[in-house]
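Please read all numbers here as calculations on a predicted model, not as lab measurements. Residue numbers start at 1 and run along the sequence shown.
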Amino acid sequence: TSEPISEFVPNGFINFTNNNDNVGNLDIYGLDLSTDFQYRFPGAVLKLWGNYSYVDGNFDIKGFDKRDIPSVARNKVKLGLTYRNKGKTNYFITPNIQWIDDTPVLSQDLGNSQNLKANSYFITNLYMGIDDFTIQGLSLFMQVHNLFDKRYENAGAEFDTTFAKM
């Protein structure tokens, strides 16, 4: 029998070891803008709002050309409105639209990942609820993400190790 090589877990063995090195340098800069407009009228409030985000930069991987930052969309826009009723029943409804720009995907084959991108997408979301539901301080709400069930891609990473292989 071999001797345990782990004192962290009593009688444990280290099955395999590995280490990670930084793969290069990352330079990022960006800008976030937001605005909102609120209109009050008797018993209700209407709020229009929007956000814009811009992110750019370079991912400089040792031994490869500089490339876009993986998993980060360069442009994002989110617009919405919130109607809040302040009458006998305090309820709110917030529809919003969201646009996400093409998003670079990092591949295990770093030499071929420069052009891998998740396509841009546009979705609609809905958030609504009731404040002070039956008792003071209790809120009930519901959120529907991707209200119209539009198919879209989300940038992840493409690697050959999966949970099934671990």
Side-chain angles (χ1 to χ4, degrees), residues 20-62 64-110 112-159 162-163:
N20 296 311
D21 291 325
N22 288 336
V23 295
N25 294 317
L26 185 63
D27 295 317
I28 301 175
Y29 54 91
L31 171 74
D32 288 322
L33 300 173
S34 65
T35 188
D36 63 67
F37 171 78
Q38 185 170 290
Y39 180 74
R40 293 180 180 270
F41 46 97
V45 176
L46 180 65
K47 185 174 183 180
L48 305 167
W49 51 270
N51 307 86
Y52 170 73
S53 175
Y54 174 80
V55 177
D56 201 0
N58 293 309
F59 187 36
D60 188 8
I61 302 172
K62 296 174 186 173
F64 296 95
D65 293 334
K66 286 185 178 182
R67 61 197 61 234
D68 292 332
I69 305 165
S71 303
V72 177
R74 184 169 282 148
N75 296 286
K76 294 180 184 179
V77 177
K78 190 173 185 180
L79 303 170
L81 65 91
T82 300
Y83 174 80
R84 185 172 289 275
N85 184 56
K86 294 288 189 180
K88 190 172 184 177
T89 305
N90 295 326
Y91 64 89
F92 62 89
I93 184 165
T94 303
N96 72 66
I97 55 175
Q98 185 176 342
W99 176 74
I100 306 295
D101 200 0
D102 291 345
T103 307
V105 176
L106 182 62
S107 173
Q108 186 172 5
D109 182 4
L110 296 175
N112 291 325
S113 67
Q114 180 63 31
N115 295 317
L116 288 177
K117 292 188 185 251
N119 293 325
S120 65
Y121 61 91
F122 179 84
I123 59 172
T124 303
N125 305 304
L126 181 64
Y127 182 65
M128 60 185 135
I130 301 171
D131 292 326
D132 299 329
F133 182 70
T134 64
I135 61 171
Q136 182 80 19
L138 178 65
S139 296
L140 177 68
F141 64 89
M142 178 179 79
Q143 182 173 6
V144 180
H145 182 76
N146 195 5
L147 183 65
F148 301 113
D149 199 25
K150 181 173 182 193
R151 177 171 227 123
Y152 65 93
E153 301 169 334
N154 190 14
E158 182 267 316
F159 290 95
T162 65
F163 288 115

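Looking at residues two or more places apart in sequence or on another chain, you find a ring pair (Phe, Tyr, Trp, His ring centres under 6.0 Å) between F41 and Y39. For the side chain to side chain donor-acceptor pair (under 3.5 Å) test, no residue two or more places apart in sequence or in another chain qualifies with D149. Scanning for side chain to side chain contact (heavy atoms under 4.5 Å, CB included) contacts around S139 gives D131, with sequence neighbours left out. In terms of the ring pair (Phe, Tyr, Trp, His ring centres under 6.0 Å) criterion, residue partners of F92 (sequence neighbours excluded) are, by chain and number, Y127. In this structure Y152 satisfies the side chain to side chain donor-acceptor pair (under 3.5 Å) test together with H145, sequence neighbours excluded. The side chain to side chain contact (heavy atoms under 4.5 Å, CB included) test applied to D27 returns no partner, not counting sequence neighbours. Under the rule for a side chain to side chain contact (heavy atoms under 4.5 Å, CB included), the partners of I28 that lie at least two apart in sequence or sit in another chain are L26, V55, I69. Checked against side chain to side chain contact (heavy atoms under 4.5 Å, CB included), T89 has the following partners two or more places apart in sequence or in another chain: Y91, I130. Every residue was checked against the side chain to side chain donor-acceptor pair (under 3.5 Å) condition with D102, not counting sequence neighbours, and none meets it. In this view, D101 satisfies the salt bridge (charged side-chain N to carboxylate O under 4.0 Å, His left out) rule with no residue, not counting sequence neighbours.
Using a 4.5 Å heavy-atom cutoff, the side chains of I100 and S120 are not in contact. Proximity of L140 to L138: side-chain heavy atoms (C-beta onward) are nowhere separated by under 4.5 Å. By the 4.5 Å heavy-atom criterion applied to side chains, I97 and K78 are not counted as neighbours. Side-chain contact between E153 and Y121 is absent, with no heavy atoms from C-beta onward closer than 4.5 Å.
Q98 and N125 form a side-chain donor-acceptor contact under 3.5 Å, judged by distance and modelled atom types alone.
Rounding to the nearest 0.5 Å gives a distance of 8.0 Å between OG1 of T124 and CG of N96.
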**Message:** Under the criterion side-chain contact (heavy atoms from CB on, under 4.5 Å), I'd like the reasoning laid out for T35 against L33: C-alpha separation, chi angles, the key distance, then a yes or no.
**Reply:** CA-CA 7 Å; T35 188; L33 300 173; over 6 Å; no
Please tabulate, for side-chain N and O atoms in residues 43-52, each donor-acceptor pair with protein atoms closer than 3.5 Å (sequence neighbours left out).
| from | atom 1 | to | atom 2 | distance (Å) |
| --- | --- | --- | --- | --- |
| W49 | NE1 | T82 | OG1 | 3.4 |
| Y52 | OH | N75 | OD1 | 2.4 |

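Listed here is the closest heavy atom pair of N154 and A118: C-CB, 4.3 Å.
A 6.0 Å sphere centred on CZ of F141 holds no more than 12 heavy atoms belonging to other residues, nucleotides or ligands.
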